[in-house]
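Quick note on labels: first sequence line is chain A, next is B, and so on, each numbered from 1.
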Protein chains: 2
Amino acid sequence: MSDMKSGRPGNRVRLEDVAKLAGVSMKTVSNVVHDYPHVSATTRERVQAAIDQLGYRPNLTARTLATGRTGMLALAIPEIDQPYFADLARHIGEEATRRGYRIIVEQTLKDLEAERAVIRDREEGLVDGVIFQPVRIDTMEIARLRPDTPLVLLGEGARPLTADHVMIDNVAAARDGMDLLLRQGRRRIGFLGMVRRDPTQSTHLRLLGYQESLLAADAISDPALVVETDWFGVDDGITALRAALDAGARFDALFCRDDLFAMAALRVLDRAGLRVPDDVAVLGWDDTALARYSTPALSSISPDKAAIARTTLDLLEDRMAGFDGVGRHRTVAHAIAERDTTAVSG
Amino acid sequence: MSDMKSGRPGNRVRLEDVAKLAGVSMKTVSNVVHDYPHVSATTRERVQAAIDQLGYRPNLTARTLATGRTGMLALAIPEIDQPYFADLARHIGEEATRRGYRIIVEQTLKDLEAERAVIRDREEGLVDGVIFQPVRIDTMEIARLRPDTPLVLLGEGARPLTADHVMIDNVAAARDGMDLLLRQGRRRIGFLGMVRRDPTQSTHLRLLGYQESLLAADAISDPALVVETDWFGVDDGITALRAALDAGARFDALFCRDDLFAMAALRVLDRAGLRVPDDVAVLGWDDTALARYSTPALSSISPDKAAIARTTLDLLEDRMAGFDGVGRHRTVAHAIAERDTTAVSG
DNA sequence: ATGAAAGCGCTAACAC
DNA sequence: GTGTTAGCGCTTTCAT
């Protein structure tokens, strides 16, 4: 009942209070807090007792100011509720916790100004490092800024020479997915999700792999099989695929830019009375919850998200430790999660 | 090429550097930075020029130490990649940004120790407030701790008198969902997802609403219609529902504890050759991406997540402004997103 | 093994 | 309108 003044700061227990109570100097308390070995057992005990009695917790802000380390990392992504980014955040969050960092999530909402803010905020000393999946911002704009804070880029967007980069090999992954479909004897394989004006490179790279595979397999490569969309997302996918079918397009498989477009495919195909996978196989990308839990379960290109998280943190910790070489690009493994939508009938 | 010493802190531009260059005092620079009105135009200009030339950015940590405000909020949730929490994080993140806060995401992974850490960390001055959806931790354990930092609780778990609380009326929402099903003439309505040893109250409350509706409508209330599961998640749901069907249970509707169990229902019903919604209607809870994008599209109880975010921030800002009354409990609106799985046939 | 004191960069009260 | 200065709470040489 003593200091219940609504919990406002100001009446918090400080290092000095502990020192006073224990009858030692601040340095000694600090030593105990940090498990510094050269402290006599009795002193340690006395100090610990004072800490417990007072319920002392070090002020992290003051520590940050004194040490220059915040112990925080920024994770800047377009939208946390997009299944892929939710998965990514989970993995990066876990890996960060494992290594003793906290994560500040910055949603850019695919907005250019918000992405610029991410880059600028690096300079305010709030975080030790930044993990950033840009969508809109230009490579050179990132490169131009002072490298005040370690930065690792994710995805296929901007890739300035000054920053590290983690991604999967989109072209190779697309080819792997296509090869699976081709091995099943699928020949009229459509590409769903050729997003017009996609500010990132991803769509382009995946389409490239799609084309390469088609060429190598002597399968049908027809512009009519490539379904363009106005933008990302299930609704755009539904509209576009429906229009394509109405226009007479026929597929025996759909290679989708991501799981969201694959969900669109499942919806439209179902409405059109086409069976999956018997009439049309469907392959998604990102291996999100959507893929695992849909019926039929969606096969999907599966980036190794845990590896992305590990690699990202590795690179970032290098930078935080002072490494300042030219930007490194790391390619992380991918696999194909084979489920119902590419099952071989029979 | 001057201070390119790898961007390590220490050689950052400080307020004092700006003051020196502009030939004014720190206070004046501070005034300019904060848009303090009483600064002569010429002075302001000169200072701004110095700021731009040096690329000065205020050190947020120092500001925090001086003001006691961090401008950060902690969002502690079980798992960011669970669709409901991803949605929630999106809304809370947007609302927080709107009000000028950043969000630190703390994943507790439904782990008791991690939840305790959340409560303890409040005391380290890292954040101005905490938004916390507990799963394991005991009410009294939360109540016992010093209320050093404003706290708002989410969900139906612990509800100490000392903390504010935001939730939807689970019993009423369950009844609303059941009434929809009953109006359609469904009589053998099952409850999928009676999670054994659910550490939260949610399952219990939803089941309560389910029963109340059944009773009020003189519909069939049969323990065999309540499908128990070992734990949360699609896989547990699939196992449990399959077993129930094998054991002879028959439903014309499934009221599911959440969208994950509803996805399980769609999978199992499909495999069993039962049509949705003609043979069996399915209703989920949380209105996540899973519901919107599945085929058939899942009807789902829809908590007003934007309202949850707004209300939560309102309460938190009250507390941060010094309010220290007894814990307030706010009930937020819910609706039913009606989609294919409860569509009326014909 | 422990203590004293000088910062870390900013804010805000108080002077001028 | 602008300058001085004393903190905010911790870390960290440098003594002892």
Trainee: Decide, yes or no, whether a salt bridge links B:D314 with B:R330 under the criterion of side-chain N to carboxylate O below 4.0 Å.
Mentor: no
Trainee: Between B:R136 and B:K110, is there a donor-acceptor pair closer than 3.5 Å when you use the side chain of the first and the backbone of the second?
Mentor: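 Confirmed, B:R136 side chain pairs with B:K110 backbone.
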Trainee: If you assign A:A66 and B:T28 each to the DNA chain D nucleotide with the nearest heavy atom, which residue ends up on the more 5' nucleotide?
Mentor: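 Looking at the nearest nucleotide for each, B:T28 comes out on the 5' side.
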Trainee: Roughly how many Å is it from CZ in B:R57 to P in C:dG9, rounded to a whole number?
Mentor: 16 Å
Trainee: Any side-chain to backbone donor/acceptor pair from A:Q107 onto A:I80? Under 3.5 Å, distance only.
Mentor: yes
Trainee: Look at the side chain of A:Q48 and the backbone N and O of A:V32, then say whether any donor-acceptor pair between them is shorter than 3.5 Å.
Mentor: no
Trainee: Give the rounded distance in Å between these two atoms: CZ of B:R46 and C1' of D:dG1.
Mentor: 12 Å
Trainee: Are any side-chain N or O atoms of A:H34 and backbone N or O atoms of A:V29, one a donor and one an acceptor, separated by less than 3.5 Å?
Mentor: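 No, because the side chain of A:H34 does not come within donor-acceptor range (under 3.5 Å) of the backbone of A:V29.
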Trainee: Ion pair present between B:K20 and B:D17, side-chain N to carboxylate O less than 4.0 angstrom?
Mentor: no
Trainee: Could you give the CG-to-P distance, from B:L126 to D:dG9, as a whole number of Å?
Mentor: 15 Å
Trainee: Phosphate oxygens OP1/OP2 of C:dG9: is one of them under 4.0 Å from a side-chain N or O of B:T61?
Mentor: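 For B:T61, the contact criterion (side-chain N or O under 4.0 Å from OP1 or OP2 of C:dG9) is not met.
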Trainee: Going by side-chain hydrogen bond (donor to acceptor under 3.5 Å, both in side chains), B:T70 matches just one of B:D128, B:T61, B:T64. Which one?
Mentor: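 Per the side-chain hydrogen bond (donor to acceptor under 3.5 Å, both in side chains) rule, the option paired with B:T70 is B:D128, out of B:D128, B:T61, B:T64.
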Trainee: With a 4.0 Å cut-off on heavy atoms, is B:T43 in touch with a base, just the backbone sugar-phosphate, or nothing at all?
Mentor: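 B:T43: backbone/sugar contact only, no base atoms under 4.0 Å.
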Trainee: Which nucleotide sits closest to the side chain of B:K27: C:dA13, D:dT2, D:dC10?
Mentor: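 So the nucleotide nearest the side chain must be C:dA13.
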Trainee: Send over the distance from A:R14 CZ to D:dG7 P, rounded to a whole Å.
Mentor: 12 Å
Trainee: May I ask you to list the residues of residues 29-36 of chain A, by number, that have any heavy atom positioned under 4.0 Å from an atom of DNA chain D?
Mentor: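 Output list: A:S30, A:H34.
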Trainee: Run the salt-bridge test on A:R57 and B:E124 with the 4.0 Å N-O cut-off and return the result as yes or no.
Mentor: yes
Trainee: Let's see if you can work this out: which of D:dT11, C:dA1, C:dC10 has an atom nearest to the side-chain heavy atoms of B:A62?
Mentor: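 From the listed options, C:dC10 comes nearest.
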Trainee: Which one, D:dT11, D:dT2, C:dC10, comes nearest to the side chain of B:Y56?
Mentor: C:dC10
Trainee: Testing B:L75, B:V152, B:L88 for side-chain contact (heavy atoms from CB on, under 4.5 Å) with B:T312, which one passes?
Mentor: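 Testing B:T312 for a side-chain contact (heavy atoms from CB on, under 4.5 Å) against B:L75, B:V152, B:L88 leaves exactly one candidate, B:V152.
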Trainee: Rounding to an integer number of Å, can you tell me how far B:M26 CE sits from C:dC8 P?
Mentor: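 Atom CE in B:M26 sits about 11 Å away from atom P in C:dC8.
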Trainee: What is the separation between atom CZ on A:R63 and atom C1' on C:dG9, rounded to the nearest whole Å?
Mentor: 19 Å
Trainee: Between the opening five pairs and the closing five pairs of the helix from C:dA1-D:dT16 to C:dC16-D:dG1, how far apart are the helix axes, to 10°?
Mentor: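 The end axes of the helix from C:dA1-D:dT16 to C:dC16-D:dG1 are about 30° apart, to the nearest 10°.
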Trainee: How many Å lie between CZ on B:R69 and C1' on D:dG9, as a whole number?
Mentor: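 For the pair B:R69 CZ and D:dG9 C1', the rounded distance is 19 Å.
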Trainee: Could you state the atom-to-atom distance from CD of B:E16 to C1' of C:dG9 in whole Å?
Mentor: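 B:E16 atom CD is separated from C:dG9 atom C1' by 9 Å.
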